[in-house]
Amino acid sequence: MTESKINEAYVNLMRGVQQLDLIGPSVPSNLVLIGHDAFPLVMNARGQVLMAASFYGEGRLVVLGHEAYLTAFPTLMENALTWLAGSPCSSTRVVVHPGCKGLADALSGSSLRPEVGAFSKDHGVYVTDAYSVGPDVKEMVAFLKVTKGGLLIAGQAWSWEQKNPGQNTLQDFPANKVSSVAGIYFSDQPGEIGTLPVPPQIPSSWLTVPIGKDFKDDLEFLLNGVSEIKIHSRAIPSEVLVHGPLAFPIGATPDGRAFLAGAYYGQGRVIVVTHEKYMGDEQMAPFMINAVRWLDKGRNGPVGILPQVDFTFPLLTQSGLPCQKTGFKSDLSVFVSTCYRRDNIENIQDFVAEGGGLLIGGYAWYWAQTNPGLNSMTEYAGNRILNKMGLSLLGNTLEDGCIKALVPGRSGSEGYHFRHLLHRFASHVTNGEALTEHEKARLKKFGGDCSEYLKMRAYDCSSYTSVLAILTDILKKTGIPKVGHDSPVKNAKDQLLLSLVTEVYKACQDPDALLPYLFKDLTLKPVYSNHRVLISCSAAEREQWLSTGMYLYPGMKTHVSLPQEITGRGWQVQIGCQTDNIGSASGLRRAPVVHKRFPIDSQMMQVCNLWGGLLYLIAPPKTQVDGVEVVFQQVVPAPYYKSGVTTPAEWEVLRNAPSPWAELEFQNIIITLPSDVVRGLDRPDLLAALWDDIMRGVADLAVIPAKFPRKERFVVDVQISYGYMHAGYPIMMQSDAPWCLVDPVAICSSGTWGAIHELGHNQQRAAWEFPSHTTECTCNLWSVYVHEEVLGVKRERAHPNMTLENRQCRARDYAKGGRNLACWKMWVALETYMQLLDQFGWDAFKKVFSAYHTMQNVPKDNKGKMNRYAETFSLTVKKNLSSFFKAWGWPIEPATEQKLSNLPMWSDHPMAQYD
């Protein structure tokens with residue numbers, strides 16, 4: 001099914017119909033649509049669907065919310081019968097149930113020539129009222145699915161519900177036994193009538209998204225005898241996103257993350273358990289037996305259990321239902337399976353739609369972790385089954401603990417539902433209705449769920465495109481909240497909008513139409529056309545960013561022509577240098593994610609990012625290319641200086657380039673920062689020489705080659721994911737003081753401790769690190785070394801914590817406090833290394849680091865690694881340092897002391913004075 005096919009169907013069905021006068025005594029039923037291929041035809045001002053259509057198998061279906069509409073709208077009925085007949089319609093036999101004779105009379109003069117008669121599978125199109133379906137249910141479903149039949153059903157269920165109290169309208173109303181298979185249900189809710197205009201496109205409204213059923217009875221049945229559900233670490237479940245109108249949470253954490261959920265789908269039902277091990281867990285027995293009986297719907301039919309989950313067999317046999325170990329079979333009443341199989345996906349969906357029960361278990365988090373470049377919403381096997389049923393497994397996990405069961409019918413205990421909060425948030429934005437504090441607290445989760453939902457990219461599904469349209473309309477109304485360094489966004493609504501805008505823009509099929517609502521005063525400056533960039537790269541074990549010196553404005557598109565050498569080989573195009581996801585922050589100074597990557601899988605591709613950004617090529621690990629050419633159709637120049645390439649004359653022009661972001665690329669480091677910071681930089685060559693010296697110092701202490709296999713990167717950002725700076729690739733830092741990277745005078749006079757600290761982090765190695773004790777400690781060895789040996793800045797001037805008084809105070813207090821290793825961290829831990837430095841000098845450290853480069857069989861635990869370090873340093877300086885390390889509380893073992901016993905003891909170490 002394609003989007004154009006559904007839109008084409010709508011156009012054909014509503015051709016020549018400008019409006020529909022539904023004012024009169026006939027009160028229709030509101031129709032609930034869940035099917036992937038179901039779409040509304042007529043929607044009132046309250047968002048109620050009064051007419052709808054769908055595809056199922058090879059056939060087509062039209063549903064009217066009242067039988068009176070069969071004769072009230074002859075143009076629409078002729079369109080409907082023509083569409084149902086397919087082509088050529090003149091040779092199609094159209095038969096009308098005797099109860100709908102009025103339609104045959106009204107269209108007797110048309111080319112369709114409908115006749116009155118009983119249902120037969122040999123008809124091309126059959127018309128019936130909603131109350132006369134019963135005897136021919138199976139035949140009608142087969143008529144739709146296999147024989148390309150067209151079926152029109154008209155009627156209403158609200159009066160039927162009044163005459164049949166206590167019955168499940170969705171399941172038991174006669175017409176629903178057929179129409180629901182194609183995803184359209186007659187509900188027991190009366191539809192509001194009026195004169196309704198017919199829009200040129202499939203109608204949608206935020207008013208139509210609420211949940212389609214009260215699940216109180218279902219929950220009472222499923223949770224009978226269940227007071228709590230225990231999640232344990234032996235089987236970590238995924239979260240399940242409950243997004244369908246007839247899907248509902250069964251088990252959920254207090255913050256609304258569901259791990260058990262169910263849904264109505266067609267005439268059948270489904271329950272998902274987000275780790276299959278719980279399906280055989282004895283503590284889950286009451287729920288599992290309830291679940292099988294709910295899925296069976298009183299048929300007492302055979303339960304097929306997939307061999308891969310045969311551990312559920314002993315538990316489920318307690319239900320009294322006939323259980324058997326088998327693969328999928330269509331004659332089962334309930335099928336018990338996992339989310340990991342890719343076979344029989346469509347057959348299982350049809351099995352449920354046509355009345356079967358599906359109990360399916362599995363988690364998606366491992367798949368998501370091991371397939372980071374793939375979309376779990378579309379590629380994960382379980383979601384290929386469940387998405388259409390209104391349920392989707394997410395890639396995140398839930399913590400262990402005891403979860404209290406939902407209390408059916410109790411206000412606030414019904415669990416979080418994606419569609420409910422979408423409706424409430426749309427109402428808040430559109431009508432100004434206030435959100436409750438409970439709803440506000442869940443807006444962050446809702447934003448994440450919107451992101452996951454939109455990843456389904458189900459443009460052939462009316463339900464999906466309706467949700468996308470609602471979110472798009474919300475953003476058109478609100479725009480992007482004002483946000484920046486001096487205007488952080490802290491309220492839940494604006495934070496949600498900031499997270500939504502990126503995802504909606506990516507999912508939007510016409511992003512150009514949305515862009516003016518988001519950036520109202522965007523000024524585009526001159527661009528380069530057909531700009532050529534030569535790239536060379538020798539990437540080792542890790543991916544590498546290659547700067548192009550080019551920028552794209554927000555929403556600006558460009559085509560990229562790429563050589564065959566890098567196509568389909570793991571390369572990517574990246575737009576944006578700020579790659580930290582700040583979505584977990586309590587306040588936002590920018591959108592949570594502002595960069596975007598595109599896999600290079602063709603030699604011509606178009607790229608675009610809502611937020612714009614600097615352009616990069618991302619080389620995969622173990623890649624080598626030399627001088628290959630990439631051509632960008634149109635780009636914006638950025639202030640970009642590259643040592644040994646950019647001439648002074650070129651820099652005079654480039655430093656005033658219009659991009660708001662600039663890059664300075666030196667021998668071993670690349671600095672990315674706001675362009676305003678570098679526009680006044682007259683001598684980038686002097687800054688380059690300074691950073692070349694600094695990076696040689698970093699390499700010298702680490703005892704690695706002076707030329708880094710991958711240049712380090714600094715990126716300045718208005719907000720980062722952790723701390724004031726954090727290590728990584730790139731190293732991220734807050735935008736408050738970028739001068740500490742580009743002011744040679746300040747760097748040489750007072751240093752740049754924080755920047756070198758982060759470079760030191762990138763040189764730390766697990767073999768000689770003792771987390772968490774030394775995580776923020778040993779990186780400072782590089783800060784001390786570079787400041788003293790390269791910049792000529794004494795340690796006490798580089799950082800106030802390095803004064804002799806502070807150092808001695810920390811050592812004394814640590815010793816008097818009992819030499820507790822739990823307190824040996826950061827500055828206290830650094831003093832251990834400073835005492836070694838003061839006694840043995842930097843050469844000793846270099847020799848130790850060098851020894852670790854080739855060391856084999858390094859212990860994995862802190863105790864083992866600390867003993868190996870004490871041994872290595874002792875052998876390096878030819879002194880027994882065991883008493884020194886023991887004085888610092890290290891767990892030095894007798895075996896280590898024995899190994900070092902032939903070396904002279906360092907007995908007058910600085911910590912001896914505190915014995």
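- With rounding to the nearest 0.5 angstrom, the CE atom of M556 is 12.5 Å from the CG atom of N609.
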Q) Which is it for R795 and D838 under the salt bridge (Lys or Arg N to Asp or Glu O under 4.0 Å) test, yes or no, and what are the steps along the way? A) CA-CA 12 Å; R795 64 187 72 168; D838 291 343; 3.3 Å; yes
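- Enclosure of atom CD in Q606 by more than 12 non-hydrogen atoms of other residues, nucleotides or ligands within 6.0 angstrom is indicated.
- Between the side chain of T647 and the backbone N or O of E650, at least one donor-acceptor pair lies under 3.5 Å.
- At distances below 3.5 Å, at least one donor-acceptor pair connects side-chain atoms of E758 with backbone N or O atoms of A727.
- Screening W782, W842, F873 against F849 for a ring-ring contact (aromatic ring centres under 6.0 Å, His included) leaves a single residue, W782.
- When the shell of 6.0 Å around NZ of K557 is examined, it contains more than 12 heavy atoms from other residues, nucleotides or ligands.
- Screening V786, V790, V784 for a side-chain contact (heavy atoms from CB on, under 4.5 Å) with E788, the sole residue that qualifies is V784.
- A donor-acceptor pair under 3.5 Å is absent between the side-chain atoms of S874 and the main chain of T872, judged by distance alone.
- Within a 6.0 Å radius of NZ in K444, other residues, nucleotides and ligands contribute more than 12 heavy atoms.
- The closest donor-acceptor contact from the side chain of H757 to the backbone of M725 lies at 3.5 Å or more, if one exists at all.
- Using a cut-off of 4.0 Å between Lys/Arg side-chain N and Asp/Glu carboxylate O, D861 and K863 are scored as not salt-bridged.
- The main-chain N or O of W367 is found under 3.5 Å from a side-chain atom of N371 such that the two form a donor-acceptor pair.
- The salt bridge (Lys or Arg N to Asp or Glu O under 4.0 Å) with E663 is formed by just one residue from the set K642, R655, K711, R713; it is R713.
- C777 contributes atom SG, which lies 6.0 Å from atom CH2 of W824 (distance to the nearest 0.5 angstrom).
- Checked by atom type, the side-chain pair E665/Y641 shows no donor-acceptor distance below 3.5 Å.
- W890 contributes atom CH2, which lies 10.0 Å from atom CG of N862 (distance to the nearest 0.5 angstrom).
- The CG atom of L617 sits 12.5 Å away from the CH2 atom of W545 when rounded to the nearest 0.5 Å.
- The distance from atom CZ of R589 to atom CD1 of I720, rounded to the nearest 0.5 Å, is 11.5 Å.
- Under the 3.5 Å distance criterion, the side-chain polar atoms of Q667 are left unmatched by any main-chain donor or acceptor of F708.
- A donor and an acceptor atom, one from each side chain of T778 and Q764, are located under 3.5 Å apart.
- Remark: the backbone N or O of Q634 is not paired with any side-chain donor or acceptor of S529 at under 3.5 angstrom.
- Between A688 and F666 the shortest heavy-atom distance is CB-CD2, 3.4 Å.
- More than 12 heavy atoms of other shown residues, nucleotides or ligands fall within 6.0 angstrom of atom OH in Y724.
- Here the straight-line distance linking atom CZ of R797 with atom NE2 of H787 works out to 10.5 Å at 0.5 Å rounding.
- The aromatic rings of Y833 and F845 lie tilted to each other, with the angle between the two planes from 30° to 60°.
- In this structure, S602 contributes its side chain and M604 its backbone to a donor-acceptor pair below 3.5 Å.
- Distance alone, capped at 3.5 Å, places no donor-acceptor pair between the N668 side chain and the M695 backbone.
- Taking a 6.0 Å sphere around NZ of K846, one finds it holds more than 12 heavy atoms contributed by other residues, nucleotides or ligands.
- Side chain of S238 to backbone of Y363: no donor-acceptor contact under 3.5 angstrom is found.
- Remark: R542 CZ is loosely packed, at most 12 non-hydrogen atoms of other residues, nucleotides or ligands lying under 6.0 Å away.
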